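Encoded as structure tokens, the structure appears first; notes follow it.
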Amino acid sequence: MGSPDRRVFLKRCIQTFPTLLLPHFATAGNLTDAGALETSYRTPATVERYIDPLRIPPKLAPAATRNGVDVYHVHMSEFSSSMHSQLPPTRRWGYEAQCPGPTIEAVRGRPVEIHWHNQLPVQHIFQVDPTIHGAMPPAPAVRTVPHLHGARTRSESDGLPEKWFAPGAVARYSYTNNQQAATLWYHDHAVGITRLNVYAGLSGFYLLRDDAERAMNLPSGDHEIPLLLQDRTLDENGQLVYAPTFDDGKPLAPGKWGSEFFGQLPVVNGAIYPYLNVEPRPYRLRVLNGSNSRFFNLYFNLAKHPTDIPALVTFQQIGTDGGFLPKPVPLNKVLLGPAERGDLIIDFSDLAGKTVTLSNDAAAPYPGWEFATTHHAQLYELMQFRVALPLAGKSQSVTLTSFPSYTPLKADGSITTRDFVLSEQMDADGRSIGMQINGKRYDDAVTETVKLGSVEQWRFINATDDAHPMHLHLVQFEILHRQGFDIAAFRGGKLQLVGIPRPPAANESGRKDTAVVNPRDVLTIHVHFEGYAGRYVFHCHMLEHEDNDMMRPYEVIS
């Protein structure tokens with residue numbers, strides 16, 4: 001973000017700032033004096049790793065079924081619970097007083113109705129910047145609107161950012177579940193404060209299933225694990241701190257918007273450095289990057305420490321945001337930008353007695369290719385899998401041969417192409433004051449009107465120094481290719497593509513709802529506008545960016 005010359009000067013001045021905040025601590029055993037933890041806590045930077053078990057979000061049962069529609073009541077409230085056994089309870093927000101919220105399992109073709117109850121306090125956990133669009137008075141500080149990310153829904157149930165409701169109110173949304181099985185998730189989407197509400201804890205899994213998935217004989221039950229990956233910073237009392245920065249790492253006044261946030265601690269399913277005991281058999285991991293700004297380049301490491309030579313465990317990716325891939329893809333690393341999902345199969349059958357660490361080597365910010373880029377706290381390790389349980393019953397064989405048929409999107413020669421320039425606005429000191437798409441803010445008039453049932457080609461042109469995970473509501477799309485462009489020519493008003501178009505990686509070849517646009521790259525996607533007519537949005541899913549103002553509305557007409 002910003003010019004390289006400015007960043008070279010500023011970031012050389014602060015190059016030692018955050019990278020030394022968290023020293024490496026060796027894996028520790030279980031504590032023996034549980035009672036002492038009640039009166040003698042540690043600081044967040046000194047907690048022992050891998051002494052707390054991974055929390056698996058419980059599944060939420062419907063409150064009733066009416067005329068074939070499963071009806072749920074989901075309450076948003078404030079609660080306190082410990083994120084680590086060596087820390088005091090942390091004040092958080094959650095769905096059903098949990099973080100992440102309970103997992104909702106739905107079946108393709110069977111509608112769901114959710115009553116979303118806002119029972120939050122009227123005072124926000126964090127300071128709200130009232131200069132951000134949507135957060136300006138007279139808007140209340142606390143307001144929410146849930147979005148079922150990746151779902152094909154009518155506009156009135158989509159969770160449009162400006163359709164928020166205040167504490168004491170209830171919103172009733174309907175989800176038809178008329179799409180293939182996929183890892184969806186729900187999270188808050190209130191305009192101007194999405195970054196704060198999600199950081200406070202408002203997110204959870206929504207797993208959509210169908211007959212094709214059941215026929216695949218995938219690991220299930222205790223052998224299917226949802227993993228919500230996030231990063232958080234805690235103060236000395238174990239309470240959440242939301243402290244964004246500008247791109248040069250300079251701290252901001254409390255409550256002021258900043259262009260990026262990177263937490264100092266890894267959080268998996270709401271817990272810091274957890275572990276999971278597993279059997280020597282295949283497991284299915286439903287992995288979601290739920291962070292505000294952080295990318296994760298994930299791998300499974302048999303090495304004992306992050307500084308050791310890695311010993312990687314190969315795994316299979318079988319699905320992405322919109323459902324199953326055309327075929328499984330063997331990998332030893334997978335990159336997930338904010339909001340992207342990876343449906344993974346990892347086989348522990350030959351690893352009995354071993355410990356596998358879920359590790360990460362993505363730069364913060366990502367891609368971090370400029371030598372002067374400030375690198376925030378690096379989260380090299382997230383959690384451990386201990387292959388310590390005896391095999392329960394017969395080991396399940398996962399052949400991954402019965403994949404659902406996959407039909408690529410087809411577009412005729414008259415396809416409409418739309419270009420979207422991702423840009424950043426700077427103040428007099430060269431620091432970010434917001435992001436835009438085609439030079440427009442979210443509250444500017446709609447400029448994109450698409451025909452229901454059509455296929456269009458959208459090109460995202462990234463003129464910033466950040467990678468942006470771009471997300472479209474309502475639809476799934478396919479990545480066509482990526483290609484570089486001449487930034488100097490572009491600043492002169494000409495889009496001059498360079499190099500050859502690069503096809504998507506094999507594990508990006510399925511349906512997507514979020515895709516990464518790298519700096520100085522053009523991402524081209526094919527979008528099928530199926531489902532419903534109405535108003536929807538598209539935006540960067542770095543939450544700081546979408547809040548100010550890298551989000552635009554679009555209209556689908558019949």
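Note that the coordinates shown come from a computational prediction; the quantities given were computed from them, not determined experimentally. Starting from 1, each residue takes its place in the sequence as its number.
- In summary, Glu260 and Arg294 do not engage in a salt bridge, as defined by a charged side-chain N under 4.0 Å from a carboxylate O.
- The two residues Pro280 and Leu389 have their closest heavy-atom pair at CD-O, 3.2 Å.
- The pair Arg42-Glu48 meets the salt-bridge criterion, since a charged nitrogen lies less than 4.0 angstrom from a carboxylate oxygen.
- Looking only at atom types and distance, the side chain of Ser293 has a donor-acceptor partner in the side chain of Glu544 under 3.5 Å away.
- In this structure, a donor-acceptor pair under 3.5 Å is absent between the side chains of Asp549 and His133.
- Under a cut-off of 6.0 angstrom, the local environment of CG in Asp350 is sparse, with at most 12 non-hydrogen atoms contributed by other residues, nucleotides or ligands.
- The 12-atom threshold is exceeded at NZ of Lys333, counting heavy atoms of other residues, nucleotides or ligands nearer than 6.0 Å.
- Classification of Arg209 and Glu224 as a salt-bridged pair holds, one side-chain N sitting under 4.0 Å from a carboxylate O.
- The nearest pair of heavy atoms linking Glu424 to Thr464 is N-CG2, 4.0 Å.
- Under the 4.0 Å criterion applied to side-chain N and carboxylate O atoms, Arg281 and Asp222 are not assigned as salt-bridge partners.
- No salt bridge links Glu78 with Arg92; every basic N to acidic carboxylate O contact stays at or beyond 4.0 Å.
- With Tyr186 as the partner, the ring pair (Phe, Tyr, Trp, His ring centres under 6.0 Å) test is satisfied by one option alone out of Trp116, Tyr173, Phe205, Tyr175: Trp116.
- Side-chain N/O atoms of His539 and His468 include no donor and acceptor closer than 3.5 Å.
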